[in-house]
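Reading through the structure tokens given below for one structure.
Start at 1 and go down the list; that is how both ligands and their atoms are numbered.
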Amino acid sequence: MKKTHKKKVRIPLTVEQKIKRRNFISFSAFFALGGTGIAGWKWLLNAPEETAGITAGTRAPLRRALNSTELFFRNLFSNRNLVRTYPKDRANRDIRINSLIGIEDDTDFDPDDWKLQVIVSGKKSLNIHLAEITALPKTEIVFDFKCVEGWDQIQYWGGVSVADFISHFNLDKACEKKYIGLETPNGEYYVGLERESFLHPQTILAYEMNGKTLTMEHGAPLRLIVPVKYGIKNLKRIGTMTFSNRRPRDYWAEQGYDYYSGL
Ligand SMILES: Nc1nc2c(c(=O)[nH]1)N[C@H]1C(S)=C(S)[C@@H](COP(=O)(O)O)O[C@H]1N2
Ligand SMILES: [Mo]
């Protein structure tokens with residue numbers, strides 16, 4: 001038997017055929033991709049809403065995506081990185097006063113009576129006098145303070161580094177919890193921070209600004225300066241400090257801002 005070797009002959013396509021074929025491919029791809037996009041969008045719109053509370057409520061899958069993106073970048077740019085600092089003469093003399101939530105209409109507030117209340121656990125809390133805080137070694141920082149509203153300023157702050165504060169008051173154990181919550185004495189402004197940012201070597205409990213005692217509008221007697229975060233997390237006039245493994249409530253996150261608000 002003789003095998004016939006049929007040679008496949010490819011007839012070259014005419015230019016017109018080529019164009020037709022290309023058009024067909026690109027249109028199919030266009031509709032396929034478009035269809036996937038529309039289906040995906042519908043899926044997202046029909047997806048359940050996250051339970052509003054700590055954050056302001058969006059579709060659950062979207063929040064999951066946002067949170068995992070945040071975690072990814074948090075691990076990538078570890079909190080050991082330091083923010084850029086500047087010489088003191090670069091610091092602004094005229095420090096902007098932004099919002100005054102929780103400190104403006106608090107007629108009950110008496111700075112001489114103030115104590116920092118640290119709620120260590122359900123049973124234990126500390127009431128720390130300002131003199132105990134100013135007696136600790138002073139840490140100063142000059143850095144570019146950034147507000148989410150779109151302004152920034154090089155500012156000069158002084159106080160006790162959170163790391164020093166925690167070890168002095170034996171709060172290391174409490175700080176093993178994932179989050180720290182800070183609130184004004186009247187509870188009207190409040191923020192939550194992950195422990196890494198709170199314990200960051202440049203985070204301070206500030207009682208001085210531009211080398212002088214902190215003024216009321218800027219958060220006297222004691223405020224948070226957390227340079228790895230946007231302004232919203234830098235709570236003025238700290239009243240209480242708590243530790244927890246669940247995210248503490250956060251004023252601006254409740255309004256829809258990113259919970260971490262990191263830089
Ligand atoms: N108690 C309290 N702390 C607060 C705020 C506030 O309204 N109330 N505003 C935050 C915001 S949005 C910014 S930008 C900074 C501004 O601090 P400053 O007014 O000292 O510039 O404080 C933060 N801490
Ligand atoms: Mo801000």
- Message: Check this for me: does any side-chain nitrogen of one of Lys236 and Glu217 sit under 4.0 Å from a carboxylate oxygen of the other?
- Response: no
- Message: Going by the rule salt bridge (Lys or Arg N to Asp or Glu O under 4.0 Å), which residues pair with Arg90 if we only count those two or more places apart in sequence or in a different chain?
- Response: none
- Message: Tell me which residues fall inside the under-4.0 Å heavy-atom shell around ligand 1.
- Response: Arg96, Ile97, Asn98, Ser99, Leu100, Ile101, Ile103, Phe145, Cys147, Trp151, Thr184, Tyr189, His218, Arg223, Gly231, Ile232, Asn234, Leu235, Lys236
- Query: Is there side-chain contact between Tyr156 and Tyr86, with at least one heavy-atom pair below 4.5 Å?
  - Reply: no
- Message: So, using side-chain hydrogen bond (donor to acceptor under 3.5 Å, both in side chains) as the criterion, who are the partners of Thr184 when residues are at least two apart?
- Response: Asn186
- Residues two or more places apart in sequence or in another chain: which of them pass side-chain hydrogen bond (donor to acceptor under 3.5 Å, both in side chains) with Lys178? none
- Task: Among Glu183, Glu254, Glu188, find the residue that satisfies the salt bridge (charged side-chain N to carboxylate O under 4.0 Å, His left out) test when tested with Arg249.
- Result: Glu183
